[in-house]
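Step one of this worksheet: look at the structure below.
Bear in mind that the values here come from a model prediction, so they are computed numbers and not experimental data.
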Amino acid sequence: MSSKSIGRRTVEIGLYSLGLLLFLEVVFRGLFSIDPIFRKLSGYDDSSSRIHWINQHTDQQQFVYKFDAYHPSRGWTLKPGIKDMVVFKNKILNSNSMGFRGKAEYSYARQSGKRRILVFGDSYSFGDEVSDGETYSHYLESIMPDTEVLNLGIHGYGHDQMLLYLQEEGIKYRPDIVILGYVWFDMNRNLFEFNNYSKPKFEILDHELHLVNVSVPSPEWFITHEFYRLKILDLGVILREKIRWTLGLNDERAKTLTTSILREFVRTTRQINATPVFVYLPVLAELIKSDEAMTPNEQYLYKNCEEQKIACLFLRRSFVEEAKKGTTFNTRSHWLANEHSIAAKSIKEFLQTE
């Protein structure tokens with residue numbers, strides 16, 4: 001075969017390949033834009049989360065939750081200055097001028113004779129599906145005299161965002177105690193750059209944490225640039241991550257990364273002479289698991305607490321005891337007021353004992 005024929009054949013193959021890629025790109029753009037079909041194709045990864053967010057977006061709506069606000073270093077946060085917003089069908093949400101849940105304002109300076117507790121966590125600590133006065137932070141403050149409890153929980157947060165919130169804002173309040181409301185699946189969120197919305201992410205380089213994806217791009221940026229993202233590449237990410245989850249590779253990555261983040265959370269807390277307390281919050285089916293033995297997720301946190309010599313409370317036993325009395329729990333979604341109240345009482349007893 002002559003060099004001219006080889007060249008012509010190479011061009012033909014190249015054009016055919018390019019045409020096939022363009023065809024597949026058009027097909028997957030169409031499929032990804034149809035939400036029911038996309039949900040069947042998607043997985044647990046950055047591309048799936050980003051496309052899902054794009055599909056939910058409207059010109060009038062930057063975030064699905066109207067109480068969210070864009071934040072350049074943490075991705076999103078609670079919008080400050082909310083007054084009696086009706087949320088979760090019939091619940092009431094307020095936020096102070098700093099974006100903490102509730103109406104109370106707090107200065108950086110401490111009040112004489114008052115202890116101060118900061119609570120960090122995800123939607124369970126924030127209080128999805130309950131009103132301000134039904135969160136475990138609020139209940140805890142009401143049953144602990146001379147104590148301020150500041151709720152810095154934000155729905156959808158991973159431990160990486162909780163750490164940044166502590167470092168950027170929490171330390172300014174000079175707390176006595178810093179509580180981290182630990183929910184097991186927050187560990188997986190630490191792997192992603194997009195979860196609910198774009199977020200920062202830590203990577204471990206030379207045994208140290210390094211922050212990437214900051215400043216977080218604005219919602220407008222994502223909307224503008226989505227057209228230029230190749231959906232073929234997104235499909236590759238989705239398939240790759242499905243394989244990693246199936247083989248358990250991401251579980252190990254999540255544990256390694258989370259261990260470093262929790263260690264930094266404790267170090268930051270101790271640097272301001274505050275006491276770190278990890279509270280394992282049982283959720284969903286965990287609420288009715290009566291087995292005395294620790295679950296693998298509880299064992300993971302227990303090991304971290306032992307290694308770092310910090311106080312750690314596991315709340316599942318408290319819920320098991322209440323279940324024996326006939327108390328029922330919401331195992332389909334977030335805690336309701338009943339669960340928050342039980343958690344607050346157990347945390348109070350633990351803090352007084354420990």
Side-chain angles (χ1 to χ4, degrees), residues 46 71-77 99-100 108 116-126 150-216 250-281 297-314 354:
D46 285 328
H71 195 281
S73 63
R74 302 196 304 274
W76 68 94
T77 190
F100 303 164
Y108 293 143
R116 178 170 281 178
I117 298 174
L118 302 188
V119 175
F120 291 87
D122 63 7
S123 53
Y124 285 86
S125 295
F126 166 74
L150 285 63
N151 185 353
L152 280 70
I154 302 291
H155 81 92
Y157 266 21
H159 301 115
D160 43 13
Q161 292 159 294
M162 299 174 204
L163 170 60
L164 293 172
Y165 203 0
L166 170 65
Q167 292 175 332
E168 294 171 355
E169 192 64 27
I171 60 174
K172 300 175 184 178
Y173 287 87
R174 298 165 53 201
D176 298 296
I177 295 171
V178 176
I179 293 175
L180 187 146
Y182 183 93
V183 175
W184 68 268
F185 51 70
D186 293 343
M187 180 191 303
N188 298 333
R189 292 171 172 171
N190 300 330
L191 294 176
F192 302 132
E193 291 185 7
F194 211 110
N195 179 66
N196 283 280
Y197 179 66
S198 185
K199 61 179 282 294
K201 173 187 172 184
F202 284 106
E203 294 180 348
I204 300 177
L205 300 174
D206 298 325
H207 307 289
E208 293 184 357
L209 288 172
H210 292 267
L211 192 62
V212 298
N213 199 38
V214 287
S215 296
V216 175
N250 279 347
D251 296 301
E252 291 305 312
R253 290 174 58 222
K255 287 180 181 178
T256 300
L257 180 57
T258 301
T259 297
S260 294
I261 292 172
L262 295 181
R263 189 175 293 125
E264 185 64 20
F265 192 96
V266 170
R267 189 188 70 83
T268 301
T269 301
R270 286 175 171 162
Q271 277 187 330
I272 56 173
N273 297 317
T275 301
V277 177
F278 287 175
V279 180
Y280 188 100
L281 310 181
N297 291 320
E298 289 172 322
Q299 290 173 2
Y300 166 78
L301 185 63
Y302 180 80
K303 180 181 178 182
N304 271 271
C305 293
E306 287 286 292
E307 290 177 350
Q308 299 187 71
K309 296 180 173 57
I310 65 171
C312 198
L313 170 62
F314 293 84
E354 295 296 323

Legend entry - Main-chain N/O of His159 paired with Asn190 side-chain donor or acceptor, under 3.5 Å: yes
Inset, instruction - Could you tell me the separation between the OH atom of Tyr280 and the OH atom of Tyr300, rounded to the nearest 0.5 Å? - result: 11.5 Å
Legend entry - Close side-chain approach of Thr268 and Val178, heavy atoms under 4.5 Å: no
Legend entry - Atom pair CD1/CG of Ile261 and Leu257 - distance to nearest 0.5 Å: 4.0 Å
Inset, instruction - Side-chain contact test, heavy atoms from C-beta onward, threshold under 4.5 Å: evaluate it for Leu281 versus Ser125 and give yes or no. - result: yes
Inset, instruction - Hey, can you tell me if Tyr124 and Phe185 have their rings parallel, tilted or perpendicular (30° and 60° cut-offs)? - result: tilted
Legend entry - Qualifying residue, where the test is salt bridge (charged side-chain N to carboxylate O under 4.0 Å, His left out) with Arg189 and the options are Asp46, Asp122, Asp160: Asp122
Inset, instruction - Could I get the full list of ring-ring contact (aromatic ring centres under 6.0 Å, His included) partners for Phe120, not counting sequence neighbours? - result: Tyr165, Phe265
Legend entry - Heavy-atom check, side chain of Gln161 versus side chain of Pro200, under 4.5 Å: yes
Inset, instruction - State, to 0.1 Å, how close Ala274 and Pro175 come at their nearest heavy-atom pair, and which atoms those are. - result: CB-O, 3.2 Å
Legend entry - Exam field: side chain Tyr157 to backbone Trp76, donor-acceptor pair closer than 3.5 Å: yes
Inset, instruction - Answer yes or no: is there an ion pair linking Glu306 with Lys303, defined by an N-O contact shorter than 4.0 Å? - result: no
Inset, instruction - Measure across Val212 and Glu193 and return the closest heavy-atom pair with its distance rounded to 0.1 Å. - result: CG2-OE2, 3.9 Å
Legend entry - Under 3.5 Å: donor-acceptor pair, side chain of Asn195, backbone of Gly156: yes
Legend entry - Nearest-0.5 Å distance that lies between atom CZ in Arg263 and atom CG in Leu163: 12.5 Å
Legend entry - Test log, rule side chain to side chain contact (heavy atoms under 4.5 Å, CB included), inputs Arg270 and Ile310: CA-CA 10 Å; Arg270 286 175 171 162; Ile310 65 171; 3.0 Å; yes
Inset, instruction - Could you tell me which non-hydrogen atom of Lys199 sits nearest to which non-hydrogen atom of Asn213, and how far apart they are? - result: O-ND2, 2.6 Å
Legend entry - Side-chain donor/acceptor of Glu307 to backbone N/O of Asn304, under 3.5 Å: no
Inset, instruction - Go through Ile171 and Gln271 one step at a time and tell me if the side chain to side chain contact (heavy atoms under 4.5 Å, CB included) criterion holds. - result: CA-CA 9 Å; Ile171 60 174; Gln271 277 187 330; over 6 Å; no
Legend entry - Test item: Trp184 side-chain N/O and Leu301 main-chain N/O as donor-acceptor pair under 3.5 Å: no
Inset, instruction - Hey, could you give me the NE2/CG distance between His210 and Leu205, rounded to the nearest 0.5 Å? - result: 5.0 Å
Inset, instruction - State, with a plain yes or no, whether a side-chain heavy atom of Tyr108 is found less than 4.5 Å away from one of Glu169. - result: yes
Legend entry - Set of residues satisfying side chain to side chain contact (heavy atoms under 4.5 Å, CB included) with respect to Thr275, sequence neighbours excluded: Ile177, Val277
Legend entry - Full working for side chain to side chain contact (heavy atoms under 4.5 Å, CB included) between Ile154 and Arg74: CA-CA 10 Å; Ile154 302 291; Arg74 302 196 304 274; 5.7 Å; no
Legend entry - Main-chain N/O of Gly153 paired with Asn151 side-chain donor or acceptor, under 3.5 Å: yes
Inset, instruction - Could you pull out all residues at least two apart from Ala254 that satisfy side chain to side chain contact (heavy atoms under 4.5 Å, CB included)? - result: Met187, Asn188, Leu191
Inset, instruction - List the steps, then state whether side chain to side chain contact (heavy atoms under 4.5 Å, CB included) holds for Leu262 with Gln308. - result: CA-CA 9 Å; Leu262 295 181; Gln308 299 187 71; 4.3 Å; yes
Inset, instruction - Report the distance from atom CG of Asp206 to atom CD1 of Ile204, rounding to the nearest 0.5 Å. - result: 11.0 Å
Inset, instruction - Quick one: pull up CG in Leu180 and OG1 in Thr269 and give me the separation to the nearest 0.5 Å. - result: 8.5 Å
